[in-house]
Q: 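This structure is in structure tokens; I'll ask about it shortly.
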Amino acid sequence: MSQGAPIGVFDSGHGGLTILGALSQRLPWEHFLYLGDHAAAPYGERTPREIYARTQAAVELLFALNCRLVLLACNTATAVALRRLQQGWLARHYPDRRVLGVLAPMVEALSGKSWTGSQPLRGALARRQAAKSVAVFATRRTVESGAYPREVVARAPAVLIDQEACPGLAGAIERDLPDSALAAMIESATSTLLTRHPDAPPEAAVLGCTHFPLVAGHFKAALPPSTRLLSQPQVVAEALQGYLARHPDLSSGPGETRYLTTGRPALVSQLATRFLGGPVRFTAVP
Ligand code: DGL
């Protein structure tokens, strides 16, 4: 029925490409329409009002381009805007469309409980061993929203969550700053968090910004070897696979994945190609 309608994937900039990569690998029979709001990135330092307005506009654009399901592949947009979008706006204006985010799958993975509490977790999510202490590295707005600790602790009160904002890091990744500068920012955030836990470093860490997997190597180097990194792209891809199995009418069917940007397509394509190690061609939003 919905054959041909792509699944929309939205981020402030390049970050969502880390999620899209995992989606394309796990769901090669689906096709996606990626939208990066590069003209306004980074979102992490913007006001919640701006983030909401831009996210809503992006979702509307993807709906206008025929998407019936949109994934906010951005923790900041998810933490700040998703609930409000889902609770009022979507039902009023687009009752047959769906918007999902990247937070719920991570909360399920960290708490070992399903988001709604109504179904047991399945697959690798159910088999994954829950960590007792977790560090979350994210943008300032995601940290300020309190979404990660609030939602995890509501489902698994024994899990200790500590978070540290990495102000400027997503922007530095967008601007392709030298590796040494990125490593220094990461070192500063990780050591600030680790000093709060001198005797027991966190068992697991979440890169709660979809840009950060692009510099995961620096996080790994800065964290103790005993702290395992939970891969948000993998967790989200697995969750979307489960969602589409439960809602087959929202599956896109095969087709070519396309990339749109509100920024400058040539520059964005060049940077994205370098990050992903393969050619990516962005075109301007219509
Ligand atoms: N990649 C986004 C996130 O997951 C936003 C980063 C930003 O634009 O500040 O939070």
Side-chain angles (χ1 to χ4, degrees), residues 1-11 15-36 55-56 58-75 77-79 81-83 85-87 89-91 93-128 151 155 206 208 210 213 230-260 276 280:
M1 190 171 57
S2 65
Q3 191 83 351
I7 297 172
V9 178
F10 169 67
D11 180 49
L17 293 171
T18 62
I19 302 284
L20 181 65
L23 297 180
S24 307
Q25 232 172 29
R26 187 175 268 270
L27 302 164
W29 51 87
E30 304 288 345
H31 78 290
F32 302 94
L33 178 55
Y34 185 87
L35 171 59
T55 304
Q56 183 185 307
V59 171
E60 248 178 332
L61 174 61
L62 288 165
F63 283 166
L65 295 171
N66 203 25
C67 297
R68 296 183 59 223
L69 170 64
V70 172
L71 174 68
L72 304 182
C74 175
N75 290 268
T78 303
L82 181 60
R83 188 180 294 224
L85 284 175
Q86 284 174 332
Q87 282 181 351
W89 179 77
L90 203 60
H93 301 284
Y94 300 96
D96 60 337
R97 316 267 178 128
R98 295 289 173 267
V99 183
L100 303 174
V102 286
L103 210 105
M106 295 310 285
V107 168
E108 292 187 333
L110 292 171
S111 66
K113 300 272 170 53
S114 75
W115 183 256
T116 56
S118 60
Q119 323 115 334
L121 290 182
R122 294 198 200 100
L125 278 186
R127 291 192 297 276
R128 191 171 281 123
E151 300 297 348
R155 292 164 180 82
V206 168
T210 55
L230 195 58
S231 165
Q232 184 171 46
Q234 299 304 333
V235 170
V236 170
E238 187 182 329
L240 187 67
Q241 183 173 25
Y243 183 84
L244 290 173
R246 296 192 299 281
H247 303 276
D249 57 312
L250 292 172
S251 167
S252 66
E256 199 194 334
T257 291
R258 290 193 303 128
Y259 302 85
L260 296 175
L276 293 186
V280 185

Q: Does atom CD of Glu60 have more than 12 heavy-atom neighbours from other groups under 6.0 Å away?
A: yes

Q: With a 4.5 Å heavy-atom cut-off, do Tyr94 and Arg68 have their side chains touching?
A: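 No; the side chains remain at least 4.5 Å from each other.
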
Q: How long is the straight-line distance from CG of Leu244 back to CG of Leu69, given to the nearest 0.5 Å?
A: 6.5 Å

Q: Check Val9 against Ala73 and note the closest heavy-atom contact, atom names and distance.
A: CG1-CB, 3.7 Å

Q: Looking at every heavy atom in both Ile7 and Glu30, which two are closest together, and how far apart are they?
A: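 Shortest heavy-atom separation between Ile7 and Glu30 comes out as CD1-OE1, 3.7 Å.
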
Q: Tell me, do Asn66 and Leu33 make a side-chain contact under 4.5 Å, heavy atoms counted?
A: no

Q: Below 30° counts as parallel, above 60° as perpendicular, anything between as tilted: where do the rings of Trp89 and Phe63 land?
A: parallel

Q: With a sphere of 6.0 Å drawn around CZ of Arg258, does it hold more than 12 non-hydrogen atoms of other residues, nucleotides or ligands?
A: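 Counting neighbours around CZ of Arg258, 12 or fewer heavy atoms of other residues, nucleotides or ligands fall under 6.0 Å, so no.
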
Q: Taking all non-hydrogen atoms of both residues, which atom of Ala58 and which atom of Phe10 are closest, and how far apart?
A: CB-CE1, 3.3 Å

Q: Has the side chain of Arg97 got a donor or acceptor atom that lies under 3.5 Å from a matching backbone atom of Cys67?
A: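 Present.
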
Q: Does a side-chain heavy-atom distance below 4.5 Å link Leu35 with Leu65?
A: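 A side-chain contact is absent here, since even the closest heavy-atom pair is not under 4.5 Å.
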
Q: Which of these passes side-chain contact (heavy atoms from CB on, under 4.5 Å) with Leu103: Leu72, Val236, Thr78?
A: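 Exactly one candidate clears the test, Thr78.
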
Q: What is the distance from atom CG of Leu17 to atom CG of Asp11, rounded to the nearest 0.5 Å?
A: 7.5 Å

Q: Got a second to check how far Leu71's CG is from Phe32's CZ, nearest 0.5 Å?
A: 9.0 Å

Q: Leu230 and Val235: which non-hydrogen atoms are nearest, and at how many Å?
A: CG-CG2, 4.4 Å

Q: Between Arg98 and Leu90, what is the shortest heavy-atom contact and its length?
A: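 The answer is CA-CD2, 4.2 Å.
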
Q: Sub-3.5 Å donor-acceptor pair from the side chain of Arg155 to the main-chain atoms of Trp115, do we have one?
A: yes

Q: For Gln86 versus Leu100, what's the shortest heavy-atom pair and its separation?
A: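 So the minimum-distance heavy-atom pair works out to NE2-CA, 4.5 Å.
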
Q: CD/Glu151 to CG/Leu110 distance, rounded to the nearest 0.5 angstrom?
A: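 One finds 12.0 Å between CD of Glu151 and CG of Leu110.
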
Q: Nearest 0.5 angstrom please: Gln234 CD to Ile19 CD1, how far?
A: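 Gln234 CD to Ile19 CD1: 9.5 Å, rounded to 0.5 Å.
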
Q: As an exercise, state the distance from CG of Leu27 to CD of Glu238, rounded to the nearest 0.5 Å.
A: 10.5 Å

Q: Quick check: do Tyr34 and Val280 have side-chain heavy atoms less than 4.5 Å from each other?
A: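 Counting from C-beta outward, Tyr34 and Val280 never come under 4.5 Å.
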
